[in-house]
There are 2 protein chains.
Amino acid sequence: MPRELIDLLWRDHPAAPQGGARGPRSRVTTGAVVDVAITLADTEGLAAVTVRRLGDALGISTMSVYTHVNGRDDLLVLMADAVHARIPLPAHGTAGWRTRVRRVAETNLALHLDHPWLLEIDDDRTAFGPGTIAKYDHELHALDQLSLDDVARDAALTFVLDFVRAAARARRRDPRADEMPETWARWAGRLAEYLGDDYPLAQRVGSAAGEEMNAASSPAHAWEFGLARVLDALA
Amino acid sequence: MPRELIDLLWRDHPAAPQGGARGPRSRVTTGAVVDVAITLADTEGLAAVTVRRLGDALGISTMSVYTHVNGRDDLLVLMADAVHARIPLPAHGTAGWRTRVRRVAETNLALHLDHPWLLEIDDDRTAFGPGTIAKYDHELHALDQLSLDDVARDAALTFVLDFVRAAARARRRDPRADEMPETWARWAGRLAEYLGDDYPLAQRVGSAAGEEMNAASSPAHAWEFGLARVLDALA
DNA sequence: CATAACCTTGTACAGCGTACAACGTAGGAT
DNA sequence: ATCCTACGTTGTACGCTGTACAAGGTTATG
């Protein structure tokens, strides 16, 4: 199947080219491949999404995966667009722009918390997918009441979404977190020796921030703090 | 050499454990390995930094690399800390906080433009390196005049640096950029067919933003726009 | 001089993405 | 009804990755 990525992205559109009539029917659809890849990434991380494991999970051979997806790079784009398409896009209604933007930010944060692997996908071609475009359109409308020209409107949205991305990155669980307690036990003494009395400000603020990060309420607090700043910046 | 990462990070500190006296001297130092890895990443991207290529570039065998660095993950941390250590940290002097923060942001943007691969390294252990700590301390002092408690001061710095990170990400050249013209030639027609008259706002703003991105002056303009917003948000 | 500690190296293994060719299956044309 | 052609499926194989392990060489120390 040498179908182009653009056609795979829009595979559910009426105008999309269908697979030829001849030969045996595919045992799985492109959509199924993408869905299985997403659940695999959700449960075991993006590194677990290998072509071989994907074939196993689908009950087909490794190489058959390539019948439905051109390669791993393309698969990642399809995955990202698919989760974008799942986002609820409720009408903005009569809400003011601050409420709208806040909702956009919260929805995007939830998206990243549900699918942390999105942070690892960085492919501009995602922008051409139906899910991504629908999401983009909806989010642009959140800024209707601010009188911004087109370029500024895009820049403002990017500003908000970049903030969300950074917040999600900060919340994401470090894969090394399990070993960190014992690692820290070995390191703390040595680091103190190296640091001595140098960089007192960094030592004080760093440990305060470190403890704050371990506090249960911290992420929510940091989120509210930052989001308020972002909203102020847009005004 | 089962030296811990923390000791490798602080290898130039007087209190750091030295290699034993017995046996042949190492033909290269850990610092040399890290430096060569950095130039390799600068010129060919992080993907080119493989243990084998590193050994070749150093004139030693593949496995000898492991004498100076515990593994690839650790190497990435050492690389990140090393470039952090290279940043100039001029005294803040009598400048106001806005000027200070602006300088911090500009320095970090330059760092990311010089070493785009920094965006791909995401390891919390980098925070314990001498270069990273010195940089952190210096940047915290940029906020001296704002009366912030420790946690808020860290949050404010993170806010600024996350913005810089996002700006660097937007400026970074897509590795697929070479093929993009011909790809777009094949895609443009199909995409127009799929979209039809749907999402008029997204189509208009998207193409405006796309053209703006190709304009020569655009990055600088977007940077100034965003940075001004960040500075306002801190006030 | 013997020993212990250290660096260096080659071989090997499991895993990855994927190119390629052989094979089987089913609709369309004759 | 038969042939042909397009298509899905699959196994094998290649080059690449990080790195575990064991053998060998080199040097300061007992």
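Everything numeric in this text was worked out from a predicted model, so none of it was measured. Below, chain A is the first sequence line, B the second, and so on; all start at residue 1.
Using a 4.0 Å cut-off between charged side-chain N and carboxylate O, A:D178 and A:R173 make a salt bridge. A salt bridge is absent between A:R190 and B:E4: the closest approach of a Lys/Arg side-chain nitrogen to an acidic carboxylate oxygen does not fall below 4.0 angstrom. With respect to the salt-bridge test (charged N to carboxylate O, under 4.0 angstrom), the residues B:R176 and A:D123 qualify.
Straight-line distance from the CG atom of B:L54 to the C1' atom of C:dT9: 16 Å, rounded to whole Å. For the pair B:R72 CZ and D:dG18 P, the interatomic distance rounds to 6 Å; values are reported in whole Å. If you measure from atom CD of B:Q18 to atom P of C:dC6, you get 13 Å, rounded to the nearest angstrom. Straight-line distance from the CZ atom of A:R3 to the C1' atom of D:dG8: 12 Å, rounded to whole Å. To the nearest angstrom, P of C:dA19 lies 7 Å from CE of A:M63. Put simply, OH on A:Y66 is 15 Å from P on D:dG11, counting in whole angstrom units. Rounded to an integer number of Å, the gap from CG of B:L40 to P of D:dT17 is 11 Å.
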(request) Any chance you could list the contact pattern along nucleotides 22-30 of chain D? Use B for base contacts, S for sugar-phosphate-only contacts and - for none, protein heavy atoms under 4.0 Å, 5' to 3'. (result) ---BBBBS-
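There is a side-chain donor-acceptor pair under 3.5 Å between B:E139 and B:N108.
With ring centers used as reference points, A:Y194 lies 6.0 Å or more from A:W187.
Residue B:R27 has a polar side-chain atom (N or O) positioned under 4.0 Å from OP1 or OP2 of C:dT9. Remark: A:H68 is in phosphate contact with D:dT9, judged by side-chain N or O atoms under 4.0 Å from OP1 or OP2. Remark: B:S64 is in phosphate contact with C:dT9, judged by side-chain N or O atoms under 4.0 Å from OP1 or OP2.
Annotation: B:R25, atom CZ; neighbour count of heavy atoms from other residues, nucleotides and ligands within 6.0 Å does not exceed 12. For B:M213, the CE atom is loosely surrounded, since the number of other residues' heavy atoms within 6.0 Å does not exceed 12.
Listed by residue number, B:V49, B:T50, B:V51, B:R52 are the residues of residues 43-53 of chain B with a heavy-atom contact under 4.0 Å to DNA chain D.
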(request) Could you walk me through whether B:D35 and B:R86 pass the salt bridge (charged side-chain N to carboxylate O under 4.0 Å, His left out) test, one step at a time? (result) CA-CA 11 Å; B:D35 286 346; B:R86 292 183 190 172; 3.6 Å; yes
